[in-house]
Enquirer: 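My questions all concern the structure below.
Along the sequence shown, the residues carry numbers beginning at 1.
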Amino acid sequence: MIRAALCGIVLSWLAGCSAGSAPVPADPAQRGAQLYGGNCVSCHQADGHGIPNVYPPLAGSAVANGAALPLVRWVVLGERPASLAPGRYVTHMPKYGWMGDADAAAVLTYVRTHFGNASGPMQPADVAHARGR
């Protein structure tokens with residue numbers, strides 16, 4: 001029974017990765033929402049409030065609303081910002097280095113402009129700079 005359930009979950013996940021999945025929106029705002037829904041929502045939740053003591057909130061986050069460089073380096077390169085105290089959450093942020101500069105900028109802009117956050121947008125050039133390009 002458990003094996004069948006796990007197989008179903010894996011197959012559903014793989015189906016979402018197929019060539020027949022939803023088209024990529026040209027609008028960066030829509031792309032940011034799509035990327036958030038596909039990569040971030042399971043941990044940070046649809047409302048950006050995370051899961052207490054497990055996954056941190058993005059709503060009102062000093063890191064999400066702060067300088068662009070530390071946020072990009074955390075999400076894309078996995079470098080935890082110095083301003084964020086270690087040990088508060090039991091989980092670690094995975095690296096999303098596979099995202100292109102435009103996609104990373106789109107999802108980070110989404111985070112910085114939703115959930116009550118009111119920070120400026122990210123540009124692909126911000127992501128490229130953080131990567132050292």
Side-chain angles (χ1 to χ4, degrees):
M1 174 114 163
I2 292 174
R3 179 184 283 169
L6 288 174
C7 287
I9 290 169
V10 169
L11 290 174
S12 295
W13 177 75
L14 289 173
C17 296
S18 71
S21 59
V24 175
D27 176 28
Q30 289 178 342
R31 182 66 176 148
Q34 182 184 50
L35 287 164
Y36 183 85
N39 296 284
C40 313
V41 75
S42 61
C43 297
H44 299 290
Q45 305 298 292
D47 63 2
H49 285 96
I51 298 174
N53 302 315
V54 181
Y55 298 111
L58 299 174
S61 164
V63 175
N65 288 296
L69 189 62
L71 177 61
V72 174
R73 293 186 70 81
W74 191 16
V75 172
V76 175
L77 303 175
E79 293 179 10
R80 185 181 188 89
S83 64
L84 190 63
R88 186 166 176 198
Y89 295 94
V90 297
T91 55
H92 297 284
M93 177 72 188
K95 287 191 274 189
Y96 286 91
W98 55 267
M99 278 189 187
D101 294 348
D103 280 350
V107 74
L108 292 173
T109 294
Y110 181 83
V111 166
R112 290 168 59 91
T113 59
H114 287 77
F115 320 120
N117 297 335
S119 295
M122 291 280 192
Q123 301 299 322
D126 296 325
V127 178
H129 174 72
R131 292 184 202 258
R133 294 191 221 152

Enquirer: If I compare all heavy atoms of A59 with all of H49, which pair ends up nearest, and what's the gap?
Expert: CB-NE2, 3.8 Å
Enquirer: Please examine the side chains of Q45 and I51, heavy atoms only from C-beta on, and report whether any two atoms are closer than 4.5 Å.
Expert: yes
Enquirer: Among the clusters formed by ILVMFWY side chains lying less than 4.5 Å apart, do L77 and L69 turn up in the same one?
Expert: no
Enquirer: Quick check: is V111 connected to Y55 through a chain of hydrophobic side chains (ILVMFWY, heavy atoms under 4.5 Å apart)?
Expert: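 No, it is not one cluster - the side chains of Y55 and V111 are not joined through contacts under 4.5 Å.
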Enquirer: Can you name the nearest heavy-atom pair linking W74 to V63, along with the distance?
Expert: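 Heavy atoms only, the tightest pair is CE3-CG1, 3.8 Å.
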Enquirer: Begin from the C-alpha positions of M122 and L71 and carry the test side-chain contact (heavy atoms from CB on, under 4.5 Å) through to its verdict.
Expert: CA-CA 10 Å; M122 291 280 192; L71 177 61; 3.6 Å; yes
Enquirer: On a heavy-atom basis, which atom in A46 and which in F115 lie closest, and how many Å separate them?
Expert: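 Shortest heavy-atom separation between A46 and F115 comes out as O-CE2, 3.4 Å.
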Enquirer: When you compare the side chain of V107 with that of C40, does any pair of heavy atoms fall below 4.5 Å?
Expert: yes
Enquirer: Under 3.5 Å, is there a donor-acceptor pair between the side chain of R112 and the main chain of P121?
Expert: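 No; zero donor-acceptor contacts below 3.5 Å.
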Enquirer: Treating Ile, Leu, Val, Met, Phe, Trp and Tyr as nodes and any side-chain heavy-atom pair under 4.5 angstrom as an edge, say whether Y96 and V72 lie in one connected cluster.
Expert: yes
Enquirer: What is the minimum heavy-atom distance between A105 and P124, and which atoms define it?
Expert: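 For A105 and P124, the tightest heavy-atom pair comes out as CB-N, 3.6 Å.
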Enquirer: Identify the heavy atoms of S61 and A64 that sit nearest to each other, and give their distance.
Expert: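 In this case the closest contact between S61 and A64 is OG-N, 3.1 Å.
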Enquirer: Mind listing the closest non-hydrogen atom pair of K95 and V76 along with its distance?
Expert: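 Taking K95 first and V76 second, the nearest heavy atoms are CB-O, 3.9 Å.
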Enquirer: If the plane angle is over 60° it's perpendicular, under 30° parallel, otherwise tilted; pick one for Y110 and Y36.
Expert: tilted
Enquirer: So if I apply the side chain to side chain contact (heavy atoms under 4.5 Å, CB included) rule between D103 and each of L35, L108, N39, V127, which one comes out positive?
Expert: L35
Enquirer: Evaluate whether atom NE2 of H129 has more than 12 neighbouring non-hydrogen atoms of other residues, nucleotides or ligands under 6.0 angstrom away.
Expert: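 Check fails, neighbour count at 12 or below.
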Enquirer: My understanding is that only residues two or more places apart in sequence, or in another chain, count here; which of them pass salt bridge (charged side-chain N to carboxylate O under 4.0 Å, His left out) with D101?
Expert: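 R131, R133.
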Enquirer: Hydrophobic clustering (ILVMFWY, side-chain heavy atoms < 4.5 Å, transitive) - are V41 and V54 grouped together?
Expert: no
Enquirer: Name all residues meeting the side chain to side chain donor-acceptor pair (under 3.5 Å) criterion together with N65; count only those two or more places apart in sequence or in a different chain, and write none if there are none.
Expert: N117, S119
